[in-house]
Amino acid sequence: MQRLAILISGSGTNMEAIVHNTQPGGMLEGLCQVAVVISNKPNALGLEKAKALGIPVICVPSAGRSREDFENDLLDVLKGYQPGLIVLAGFMRVLSPVMTNAYRNQIINIHPADTRAFQGVGGYRWAYENGLKQTHITVHYIDEGVDTGPIIDQMSVDIEQCKNVEEVTQVGLAAERLFYSKVIRNLLVKELKKEVLCAGS
Ligand code: GAR
């Protein structure tokens, strides 16, 4: 069973959906467990949600610290939980080589738009203000850039009928909550198949 560490900064609705999907009947049941939820913001709403779900939660504050100092502390915490996959879910920090070298191809992120068209914060606002008919939610590996890592999968969501940015966000987040677990499932199943092939060769 793969161990996930989920990193958040805010409301944690994607994190919540992933945790639910690891429970009996969920699409991630038997494939992985959420070992820990870590926030860089002490007041992140998602911390309370994770606690209520019985998941260990830890805050590693980032405010006023250098990226390297913060990430060295993050690495220390992560070592205690031995995650095979680190899932960024609304984690609003760009990671430096301290983290990306330690967990190369093991850190993934979800983004509200096509990362080739828009990077950074506010993807749904960007999609709405640019009059997009669809936004292409993207799950990608993390590298040292801002939403520049290799794309794993994308999902197109119709937003043409949405009347304001709040509606776009609502529709988009509902899609993210399903899509992120699906992508994680595909990654883990692929990994398992590789292990079986290696064991047989
Ligand atoms: C999600 O829309 C996610 O795609 C976005 O933050 C939101 C977090 O929501 N991430 C980015 O914009 C990353 N560049 P949540 O905390 O409710 O899961």
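Residues take their numbers from the sequence shown, with the count starting at 1.
- Here I8 contributes atom CD1 and C59 contributes atom SG; the two are 9.0 Å apart, rounded to the nearest 0.5 Å.
- The shortest non-hydrogen separation linking G172 to I137 is O-CD1, 3.6 Å.
- Side-chain atoms of S66 come within 3.5 Å of backbone atoms of D69 as a donor-acceptor pair (strictly under, hydrogens ignored).
- The two atoms that bring S11 and L45 nearest to each other are CA-CB, 4.0 Å, heavy atoms only.
- Note on I152 and L178: same hydrophobic cluster, where clusters join Ile, Leu, Val, Met, Phe, Trp and Tyr whose side-chain heavy atoms are under 4.5 Å apart, directly or indirectly.
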Listed pairs under 3.5 Å, donor-acceptor, residues 185-196 side chains, sequence neighbours left out:
from : atom 1 : to  : atom 2 : distance (Å)
R185 : NH1    : M27 : O      : 2.7
E191 : OE1    : Q2  : NE2    : 2.8

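- Between the CD1 atom of I110 and the CD atom of E176 there is a distance of 4.0 Å, given to the nearest 0.5 Å.
- L28 and S181 get closest at one heavy-atom pair: CD2-O, 3.6 Å.
- Note on I108 and M92: separate hydrophobic clusters, where clusters join Ile, Leu, Val, Met, Phe, Trp and Tyr whose side-chain heavy atoms are under 4.5 Å apart, directly or indirectly.
- Listed by chain and residue number, R177 satisfy the side chain to side chain contact (heavy atoms under 4.5 Å, CB included) test with A17 (two or more places apart in sequence, or in another chain).
- By the salt bridge (Lys or Arg N to Asp or Glu O under 4.0 Å) test, D73 pairs with R65, sequence neighbours left out.
- Scanning all heavy atoms of the two residues, the minimum distance from Y124 to L173 falls at OH-N, 3.7 Å.
- Cluster partners of V146, by chain and number: V94. The rule joins Ile, Leu, Val, Met, Phe, Trp and Tyr whenever side-chain heavy atoms lie under 4.5 Å apart.
- T135 OG1 to E160 CD: the interatomic distance, rounded to the nearest 0.5 Å, is 13.5 Å.
- Contacts of Q33 classified as side chain to side chain contact (heavy atoms under 4.5 Å, CB included), with partners at least two apart in sequence or in another chain: M1, R3.
- Between the CD1 atom of I55 and the CE atom of M15 there is a distance of 8.5 Å, given to the nearest 0.5 Å.
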Please tabulate, one pair per line, all N/O donor-acceptor pairs under 3.5 Å involving side-chain atoms of residues 112-123, not counting sequence neighbours.
from : atom 1 : to   : atom 2 : distance (Å)
D114 : OD1    : R116 : N      : 2.9
D114 : OD1    : R116 : NE     : 3.1
D114 : OD1    : Q154 : NE2    : 3.2
D114 : OD2    : R116 : NH2    : 3.2
R116 : NH2    : Q154 : OE1    : 3.0
Q119 : NE2    : T115 : O      : 2.7

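- For D158, the side chain to side chain contact (heavy atoms under 4.5 Å, CB included) test picks out Q134, with sequence neighbours left out.
- Not a single salt bridge (Lys or Arg N to Asp or Glu O under 4.0 Å) links E166 to another residue, sequence neighbours left out.
- In terms of heavy-atom proximity, P83 sits nearest to Q106 at O-NE2, 4.2 Å.
- The shortest side-chain heavy-atom distance between L4 and I18 falls under the 4.5 Å cut-off.
- Nearest heavy-atom pair, Y141 versus N105, reported as atom, atom and distance to 0.1 Å: CE2-O, 3.4 Å.
- The salt bridge (Lys or Arg N to Asp or Glu O under 4.0 Å) test applied to R125 returns E129, not counting sequence neighbours.
- Note that NE2 of H136 is 4.5 Å distant from OG of S156, once rounded to the nearest 0.5 Å.
- With rounding to the nearest 0.5 angstrom, the OG atom of S9 is 5.5 Å from the NZ atom of K41.
- Considering only residues two or more places apart in sequence or on other chains, E48 meets the side chain to side chain contact (heavy atoms under 4.5 Å, CB included) condition with K51.
- Residues L85 and C32 are not in side-chain contact: their nearest non-hydrogen atoms beyond the backbone lie 4.5 Å or more apart.
- Counting only residues at least two apart or in different chains, salt bridge (Lys or Arg N to Asp or Glu O under 4.0 Å) contacts with residues 140-153 comprise R104-E144.
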For V139 and F179, run side chain to side chain contact (heavy atoms under 4.5 Å, CB included): C-alpha distance rounded to whole Å, both residues' side-chain angles, the deciding distance at 0.1 Å, then the answer. CA-CA 9 Å; V139 176; F179 183 55; 3.7 Å; yes
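- Looking at H140 and T148, their side chains never come closer than 4.5 Å, going by heavy atoms from C-beta outward.
- Listed by chain and number, the hydrophobic cluster partners of V77 are L7, V36, I38, I58, V60, F70, L74, L75, L78, Y81, I86, L88, F91, L95, V98, M99, Y103, I107, I142, where partners are ILVMFWY side chains within reach of under 4.5 Å, directly or through others.
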